[in-house]
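Numbers restart at 1 for each chain; the letters A, B, ... are given by sequence-line order, proteins then strands.
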Amino acid sequence: MLEENFLGVISYFLYKYPMNYDFNAIEEKWQAYWAKNQTFKAENNSDKEKFYVLDMFPYPSGAGLHVGHPLGYIASDIYARYKRHKGFNVLHPQGYDSFGLPAEQYAIQTGQHPAVTTAENIKTYRRQLDQLGFSFDWSREVRTSDPSYYKWTQWIFIQLFNSWYNKQADKAEDIETLISVFEVDGNLKVEAVCDDAIEEFTAADWTSYSDPKKQEVLLKYRLTYLAESEVNWCPALGTVLANDEIVNGVSERGGHPVIRKKMTQWSMRISAYAQRLLDGLKKIDWPQPLKDSQTNWIGKSVGASVSFHVLSENKTGPHMIDVFTTRPDTIFGVSFMTLAPEHDLVEQITTKKQQAEVAAYIEATAKRSERDRMADVKTISGAFTGAYAEHPLTKEPIPIWIGDYVLAGYGTGAVMSVPCGDQRDYDFAKHFNIPIPNIFEGVDISEEAFADKEKAVIANSDFLDGLGQKEASKIAIQTLETLGQGEGKINYRLRDAVFSRQRYWGEPFPVYYNADAMPQMLDEKFLPLELPEVDKYLPTETGEPPLGNAKEWHWLQYGDEGKVVSEDEFNNSSPKGRLGGALELNTMPGWAGSSQYFNRYMDPTNENEIFSQDAINYWQDVDLYIGGSEHATGHLLYSRFWQKFMFDKGLVPKDEFAKKLINQGMITGTSAFIYKDIDSNKVYSKGLLSNNNVIPIHADVSLVNFSDELDVEAFKKWQPEYKNAEFVLEDGKYIVGREVEKMSKSKYNVVNPDAICEEYGADSLRLYEMFLGPLEQSKPWNTAGITGTHSFLKKLWRLYHSAAESSFSVSEEAPSKDALKTLHKTIKKVEDDIENFSFNTSVSTFMICVNELSSQKCISRAILEPLALLVSPYAPHIAEELWIKLGYTESISTVDFPKFEASYLVESNKEYPISFNGKMRFKLEMSLDLSKDEIEATVMAHEKTKEQLQGRTPKKVIIVPGKIVNIVG
RNA sequence: GCUCGAGUGGUGGAAUUGGUAGACACGUUGGACUUAAAAUCCAAUGGACAUUAGUCCGUAUGGGUUCAAGUCCCAUCUCGAGUACCA
């Protein structure tokens, strides 16, 4: 009985909806097919030309993907699929940036090992990515938290440690070459990017040095080095905080006080590459705003360094203050000097009388975080040291102040203050009643400083009088050089990058400390050094990083045998021939694992090398990289740095890793609001707000239909506190307010791709995300619109199916002229659009094409076959299904893209718009063969023209053949 | 403050070198089919006046160049992103 009824329903549906577009079944079928056949596996050997399309790999967060995340992946997938149709061997990999803070914080709260949560999250991500039909080569997947991967992150760290930057060769070189120079010449002739404070030594000195001393010296040259650097330290949390983790001087989480503290940290000498990082920007096709922000970040400024003698008892004393200035031309305007409160000399030069005041000031500024100092620009503060410096040219004494407007971390941490030419110096001078000499011709400085370089004419400056800024700077530098008190200098804002984090869930450093407390690299054959197990993921009671909790975290090695042991075991082992010691307790920062992953994809399972030379020489570099702009000065700068280092070492053939980069825009959410009356229990519909005092309250977007109507009952169920509220309706409906906001759980505007795939299919979602607008632009999500691309796919499906015969049906007959025209118009447009990354317009082109072919009743194979190919990069599942129905047995994915034939588009007539004074009034069809004169004659003879002119004689007739006619007069 | 980007119907957006503004969709309204709903199909849809033709206004605002400006130039306003005592 039941069965009979069921069959009845089925046959009714088959009758009513022949060969329905069953997207769920089709998509499932093809996703399984691609996985089983490894359709998108890329080979490292191929006669085809290579093309590398890369997405920024995701951090697998617990929340999974929302509809905003796949935008870039869809675009890159379309491009990758298109390139396969164009005959390229395409590398399109995906992986996970799986070290990171959220998993660690979750571990601190729950005790759950981060590796466990990470694995779970990756599973969710993989399922969500698969259901969208991406053509990733999953055989190349990488995970940064996987020891087989971070083995190579550690390996690169060791390479950096074993390198120094030779300025003469302008590249990184092996540290051994430096040692051999030291053995012959000492460091007198060495031009290296290294620590500023380096003592000079001869070859004889070098050979006399003890081993720890040698290592200490070398550490100042290495590309990754241990150094004291100032950090934001939170004693309560026992960790270093980044600037953006501090709000109003206290930690963002917990509200604990934060102090600035010097700590020994690993740093990366990225400053060595500052100029090359700037130069490289010229040869890569990256978005201009992104290049601008990298340029800005590197912050090159050209000027001079000037040395001032500190006076002691009116004579030049032993101390020198070096400053950097971009305005050496204003040297005669110096009326005081300002040091950062942290400057090394402050303590030594401060006079007895001023000691108390200076100490109090230093203490006060130390309490403020750097962020606070920067935020509070208006308050002027400082203290006089009591000391004076000698002006290098006038030999006049100039007072030395300290002030927190001078940053310890930029330049030399000291400035020569020229109050007439710099507003900050001016404000400081005014505040402390320091004289403001004017050294500019014809400029009033009674109210503010004069900082215009272009217009400056120097005066009151001895031999610089009457000169402009450029000329005066040149001469000032020359003069200072002859005195040995200055030289031309280029300064960069870019600072070396701190590479240590007091975290658990990151790459361990392959480093142990020997008995001399000098850092030693593990031999490469012992890599990877795996993360130890710990009981808890918090810092230790003594304030050490979480790895301090590990029971076994000492390195013990005899000859070729090495292992990680407990401290006790290490101490009880025989010292004879023993290497090892305590292992490094810090871990690497988030960007370590992402700085070379694009190269590792080329040869991801290689256990002997980071990648084979065959692989890198074939794939070379990334042809197209798509990802968010938030990585502009982080990942994208560090990756370029490591790539240049790898290039110097001869490991990669290109010194820029990505030729072209596109930043996809963010998809924002469209939040929904109900309006609750402040005084009563009433909730008003959007149209009824005018006279009521209401507050907007977020409603979950899933409770609102396409017409902004709220399902009131569902809402009451969702928020029971509104069970008894009175919803005041308009026209029987409750209409919500809408506002565009960032997609976020707390705003109840998150849309999940799973539900959309279920209801409309992945192909509909892919098309819709592209259809929303230009890839690089940020745009609001509105689920309502997806019915548009979904019904397009249904129309497309129907083109290949006959309603009458209930089946797939295409005709072998020759296509009509119109159909050919429609097809080739579409081929041209879609091809141009993909090449220009204008994916939104190709979706509308598909719609126009299908609308036209439908009204032409076109069922010709010669049209429908190429059409399936055109659609394939965008909606791959339906394209595969249609392809099989067209009689093929293999995947559509590498079939040649249809070829555009211009001859089908040639027209004989054109419908000319006829304008009068620039305004289009009517249209007139004319042959394209007509000459200008013939066109004019035809138009002027037309009765509508006469009607428009009403007897006037036109002054001028503009005719652009094939385009437009404009009659003036 | 500085740097960069953007302002077009009710909504997302289109307009490739200055040449028919609003393609393609969503939404809305009306209609067909249906017991009903869904789905599908048809028509209308920038504003105002007129509704037969048509006229005027209209791409943030105000100017300018041009036969012709969303597009080029100048000024202003608004929004977004990045960045900031950088000497």
Report yes or no: does A/K300 contribute a side-chain atom to a donor-acceptor pair with the main-chain N or O of A/I298 at less than 3.5 Å?
no
Answer with base, sugar-phosphate or nothing: what part of the nucleic acid does A/Q423 contact at a heavy-atom distance below 4.0 Å?
nothing
Identify whether the glycosidic angle of B/G7 places it syn (within 90° of 0) or anti.
anti
Under 4.0 Å, counting only non-hydrogen atoms across every strand here, what does A/T338 touch: a base, just sugar-phosphate, or nothing?
nothing
Considering only B/C4, B/U40, B/G19, which nucleotide approaches the side chain of A/R798 most closely?
B/U40
Quick one: is A/K919 getting a side-chain N or O under 4.0 Å of the B/C57 phosphate, OP1 or OP2?
yes
Check every strand shown and say whether A/S791 touches a base, only sugar-phosphate, or nothing at a heavy-atom separation below 4.0 Å.
sugar-phosphate
Please determine, for the side chain of A/K829, which listed nucleotide (B/A21, B/A68, B/U16) has the closest atom?
B/U16
Side chain of A/D404 only, heavy atoms from C-beta on: which candidate in B/C67, B/C86, B/C85 is closest?
B/C85
Compare the minimum distances between each of B/A15, B/C26, B/A87 and the side chain of A/S301, then state the nucleotide with the smallest one.
B/A87
Which ones in residues 842-852 of chain A lie close to RNA chain B, meaning a heavy atom under 4.0 Å from one of its atoms?
A/S844, A/M847, A/I848, A/N851
Given B/G5, is OP1 or OP2 found less than 4.0 Å from the side-chain N or O atoms of A/Q777?
no
If the cut-off is 4.0 Å, is A/K956 near the phosphate of B/C67, judged by side-chain N/O to OP1 or OP2?
yes
So does A/R493 get a side-chain nitrogen or oxygen closer than 4.0 Å to the phosphate oxygens (OP1/OP2) of B/U83?
no
Would you indicate which nucleotide in B/C67, B/C86, B/C56 comes nearest to any side-chain atom of A/L407?
B/C86
Out of B/G12, B/A84, B/A87, minimum distance to the side chain of A/K779 belongs to B/G12
What's the closest nucleotide to the side chain of A/K794 if the choices are B/C86, B/C26, B/U40?
B/U40
Please work out which of the three classes, parallel, tilted or perpendicular, describes the rings of A/F922 and A/F916, given edges at 30° and 60°.
tilted
Take atom NZ of A/K821 as the centre, draw a 6.0 Å sphere, and report whether it contains more than 12 heavy atoms from other residues, nucleotides or ligands.
no
Winner on side-chain proximity to A/T841, out of B/U55, B/G13, B/A15, is B/A15
Taking Watson-Crick and G-U wobble pairs with both distances under 3.5 Å, convert RNA chain B into its dot-bracket string, 5' to 3', dots for unpaired and | for cross-strand pairs.
(((((((..(((......[....)))((((((.......))))))((((....))))..(((((..]....))))))))))))....
Nearest-nucleotide pick for A/R921, side chain only, options being B/C85, B/C26, B/C56
B/C56
So what does A/N296 touch, heavy atoms closer than 4.0 Å: a base, only the sugar-phosphate, or nothing?
nothing
Just call it for A/V960: base, sugar-phosphate, or nothing, with non-hydrogen atoms closer than 4.0 Å on any strand.
base
Quick one: label A/K795 by what it contacts on the DNA or RNA (base, sugar-phosphate, nothing), any heavy atom closer than 4.0 Å.
sugar-phosphate
Taking B/C24, B/A87, B/A84 as options, the one with an atom nearest any side-chain atom of A/W297 is B/A84
Between A/Y410, A/F428, A/Y426, which is the residue that forms a ring pair (Phe, Tyr, Trp, His ring centres under 6.0 Å) with A/Y405?
A/F428
Does A/N840 put a side-chain nitrogen or oxygen below 4.0 Å from OP1 or OP2 of B/A14?
yes
